[in-house]
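First up is the structure itself, then whatever we jot down about it.
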Protein chains: 2
Amino acid sequence: MKKTETRIQKKNHSAIKAAGLKVFAQFGFRGSTLDQIATESGLSKPNILYYFSSKEAIYEALLAQLLTDWLQPVRDIDPAGDPVEEILKYAKHKLKMSRLYPRESRLYANEIIQGAPRIKSVLTGELRDVVATLAQLIKNWSEAGLIRVIDPYHLIFSIWAMTQHYADFDVQVQAVLGDGDHFDDAEQYLEDMLRRMLTV
Amino acid sequence: MKKTETRIQKKNHSAIKAAGLKVFAQFGFRGSTLDQIATESGLSKPNILYYFSSKEAIYEALLAQLLTDWLQPVRDIDPAGDPVEEILKYAKHKLKMSRLYPRESRLYANEIIQGAPRIKSVLTGELRDVVATLAQLIKNWSEAGLIRVIDPYHLIFSIWAMTQHYADFDVQVQAVLGDGDHFDDAEQYLEDMLRRMLTV
DNA sequence: CGTTAGTTTTACCAGTTGGTCAAATTAATT
DNA sequence: AATTAATTTGACCAACTGGTAAAACTAACG
């Protein structure tokens, strides 16, 4: 029912969300404070609470946005497309998200590690369904002989794990490989891996 | 220099560490409170501070233990062994750690996601060196024609990512696959993946 | 320009936080 | 049993926490 958002509302809403993303991604929900978000956004604490009813409201707005952004690419997989290329397209998209939006990835990782208290219903609902559909599609592809027979769920997990790793464990990757962007190498490795796993 | 630990000291030190592990793994350092650890351990808050000088001291004791436990298996890889079997052995060991000690994995994940403020020096020091040695070994194996030519670093990252995923993202795995133990399937998938990636 | 709606600030509060301290209790040693 | 060392507790504190209330300010609009 949000009709008219004023210019100032639009600016501050997004400033708060940007600041919240930064802070929540680093410290998790409980480890983050409104003061941090206030400082980061350049607004005062009461001013923040003028735009969002609570600390939790900011967090949940971020999570909600995140979940829709993450589920869409799974739905975009084309059952009529070439199986290997479709899965590769999805995996590369996921990796690109890790490169461009590492904080979103970390925010999500924090939430999941801590037991997903606020989105468990989404996980067992929407996420589960979307993944089940994809798994069925992969299974069909397998049975049609278009890709190798493979456990679709663990295939999906391996894509998630590897792509998110480069965002969530970025500090560790940088420590081991040295500073710089390693996403191109990661993409090459990932593509190689998936082709080997999928082609008969 | 810790010489004689009394019976009570031994008991309480480990009770506090066990409680700290549980709490820190779920909420991260900043999101955890001494009161939670006190309740969880059955000791009073001042009593906890009688055994550990601060909240941070508990956290760091846990991290230190963790790091040594995690680096050892990398060192245990036998350069004279069969390459594929050695890498498989390591990967399976890592997966078993995720199954048996998921909280340790989550504690570490929390620390890394939050930028590893207290162990960055270990990452760029000990971890980096150990991984560099392993990477060199893998490269040698490649050049000797014992395994396929492969990026050793991203191979290692993929093992870490996939094994830790089942501990750190357990809630999500359970949501998608249903409750139960999925580590046996995960191991099978992992072994299949690694054999395909490593054999010529 | 005046009015109203929208925005920001100042001052504040009750609950929680990590941590201290001295007194009380318990265990170990002589 | 007496003494000493180790352990536990209760009372407390200053800093910080999420959040509130009302006043002050600013923008939009006729």
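Residue numbers begin at 1 in each chain, while the letters A, B, ... track the order of the sequences.
Remark: C1' of dA5(C) and CD of E5(A) are 16 Å apart, rounded to the nearest angstrom. For F52(A) and dT7(C), the CZ to P distance is 13 Å, given to the nearest whole Å. One interatomic measurement links the two molecules: CG of L49(B) to P of dT20(C), which rounds to 7 Å at whole-angstrom precision. Going from atom CG of D35(A) over to atom P of dT17(D) covers 6 Å, rounded to whole Å. Nucleotide dT16(C) holds its C1' atom 12 Å from the NZ atom of K55(A), rounded to whole Å.
When every heavy atom of I58(A) is checked against every heavy atom of F24(A), the shortest pair comes out as CG2-CE1, 4.0 Å. Between H154(B) and D185(A), the closest heavy-atom pair is NE2-CB, 3.3 Å.
Ring orientation note: the planes of Y59(A) and F29(A) are tilted relative to one another, at an angle of 30° to 60°. Taking the six-membered ring where tryptophan is involved, the planes of Y166(A) and F157(B) are perpendicular, since the angle between them exceeds 60° and thus also 30°.
At its two ends the helix from dC1(C)-dG30(D) to dT30(C)-dA1(D) runs along axes set 10° apart, each axis drawn from five pairs and the angle rounded to 10°.
The list of salt bridge (Lys or Arg N to Asp or Glu O under 4.0 Å) pairs with a residue in residues 10-23 of chain A, not counting sequence neighbours, reads K22(A)-E40(A).
Every residue meeting the ring pair (Phe, Tyr, Trp, His ring centres under 6.0 Å) condition with Y51(B), not counting sequence neighbours, appears here in chain and number order: H13(B). Evaluation of the side-chain contact (heavy atoms from CB on, under 4.5 Å) rule for S121(B) yields no partner, not counting sequence neighbours.
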Check the interface with nucleotides 7-14 of chain D: list each N/O to N/O pair with the protein under 3.5 Å, or write none.
{"unit_1": "dT7(D)", "atom_1": "OP1", "unit_2": "T6(B)", "atom_2": "OG1", "d": "2.7"}
{"unit_1": "dT7(D)", "atom_1": "OP2", "unit_2": "Q9(B)", "atom_2": "NE2", "d": "2.9"}
{"unit_1": "dT7(D)", "atom_1": "OP2", "unit_2": "Y50(B)", "atom_2": "OH", "d": "3.3"}
{"unit_1": "dT8(D)", "atom_1": "OP2", "unit_2": "N12(B)", "atom_2": "ND2", "d": "2.8"}
{"unit_1": "dT8(D)", "atom_1": "OP2", "unit_2": "N47(B)", "atom_2": "OD1", "d": "3.4"}
{"unit_1": "dT8(D)", "atom_1": "OP2", "unit_2": "N47(B)", "atom_2": "ND2", "d": "3.3"}
{"unit_1": "dT8(D)", "atom_1": "OP2", "unit_2": "Y51(B)", "atom_2": "OH", "d": "2.7"}
{"unit_1": "dT8(D)", "atom_1": "O5'", "unit_2": "N47(B)", "atom_2": "ND2", "d": "3.2"}
{"unit_1": "dT9(D)", "atom_1": "OP2", "unit_2": "S44(B)", "atom_2": "OG", "d": "3.4"}

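Two residues are said to be in side-chain contact when any heavy atoms from C-beta on lie closer than 4.5 Å; T133(A) and V74(A) fail this criterion.
With V176(A) as the fixed residue, the side-chain contact (heavy atoms from CB on, under 4.5 Å) test singles out one of V131(B), D129(B), L123(B): V131(B).
Between the side chains of Q188(B) and D184(B), not a single donor N or O lies within less than 3.5 Å of an accepting N or O.
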Checklist entry - Could you walk me through whether E85(B) and R195(B) pass the salt bridge (Lys or Arg N to Asp or Glu O under 4.0 Å) check? => result CA-CA 9 Å; E85(B) 298 309 318; R195(B) 287 199 186 279; 3.1 Å; yes
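In the region residues 25-33 of chain B, proximity to DNA chain C at under 4.0 angstrom, judged on heavy atoms, holds for S32(B), T33(B).
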